[in-house]
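Indexing begins at 1, ligand by ligand and atom by atom, following the structure's order.
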Amino acid sequence: MNIYHDSRHDDAARRSQLYDGSVYVYSPTPATLKFCEFTRELVEEAFRPHDPRKVQNDIPVEKCVEILSTLKPHFIHHRRSKELIQDILLERGCDLEKTYFDVPRLRTAFPADYLSSGIAYAFHPHRDTWYSAPFSQINWWMPVYGVCPENIMAFHPRHWTEPVKNSSSDYNYYEWNRTSRLNAAQNVKEDKRIQPKAQVPVEMEPQFRIVTEAGGMMLFSAAHLHSTVPNTSGLTRYSIDFRTVHLDDVWQKCGAPNIDSACTGTTMKDYLRGTDFTHLPDDAVALYFDGTESEFTASPSSVQTART
Ligand SMILES: [Fe+2]
């Protein structure tokens with residue numbers, strides 16, 4: 001497992017390394033900085049006249065949730081967000097014909113005693129593959145403002161090869177779409193949504209945190225165990241993340257090893273082609289069906305994507 005900084009690896013070599021647990025970190029680029037600038041404009045407009053990084057000092061949490069409930073979907077489904085992802089993928093040497101991405105998420109990590117559930121969920125240690133992501137999924141993550149070790153995310157590298165007893169077998173992606181995600185804004189004080197979690201105390205150490213400038217980008221496998229760091233910095237963290245899969249790897253069903261994920265359903269219908277935002281071919285998606293797809297419910301994000 002290595003950390004590559006500003007690597008010149010091509011996309012195929014990078015994917016191969018990512019599937020082995022390596023993490024790639026890139027300095028800010030024109031496209032990532034543009035995305036940060038666009039996001040900051042939306043965030044600052046939404047919270048005006050307050051400083052978005054200190055908003056926890058200025059407004060009641062209920063008001064904050066109300067603002068986020070409008071801001072986050074607006075960001076996710078904004079056409080400009082998708083166009084900026086295209087630019088980032090091109091800068092990073094991805095083939096847009098074969099690279100599919102899902103809509104970007106805007107994450108907020110408030111100081112923990114203010115808001116850490118529902119729409120600003122502070123993620124416990126998890127793998128995205130516990131949430132029905134395919135093993136070829138790559139996560140892209142970048143901060144929108146400057147960050148410090150006390151308000152970012154952490155990797156727990158020993159669990160790349162060490163399984164964690166978890167409840168992912170109770171998780172079905174379609175069921176989750178049907179019941180939980182639409183209700184995220186209602187979970188203000190406490191999160192009642194059933195999420196796949198470790199069923200034993202997780203060894204959080206050793207851990208590493210990668211601190212970049214705003215617009216610095218981190219790529220890592222969806223199979224990595226990672227968590228939200230309890231925010232003790234006094235400043236709210238705003239970050240963007242999105243996920244990609246490569247068509248060749250989807251067809252070949254290759255990716256990181258599965259050591260402990262047992263969820264059902266698949267997120268394959270969420271990804272959009274880099275060129276024209278169309279979905280993956282039906283027969284490629286069908287390779288990931290497990291019998292629960294008769295209950296299929298599209299994610300709220302992909303439904304809204306199709307409409308805009
Ligand atoms: Fe995650």
Worksheet item: When you check the side-chain N and O atoms of His9 and Tyr24, is any donor under 3.5 Å from an acceptor?
Response: yes
Discussion item. With a 6.0 Å cut-off on the ring centroids, do Phe155 and Phe220 count as close?
Written reply: yes
Worksheet item: Under 6.0 Å between ring centres, would you say that holds for Tyr131 and His126?
Response: yes
Is [X] salt-bridged to [Y], going by a charged N under 4.0 Å from an acidic O?
| X | Y | result |
| --- | --- | --- |
| Arg80 | Glu83 | yes |
| Arg178 | Glu175 | yes |
| Lys98 | Asp95 | no |

Discussion item. So, at under 2.8 Å, which protein N, O or S atoms would a careful student list around the Fe ion (ligand 1)?
Written reply: His126 NE2, Asp128 OD1, His226 NE2
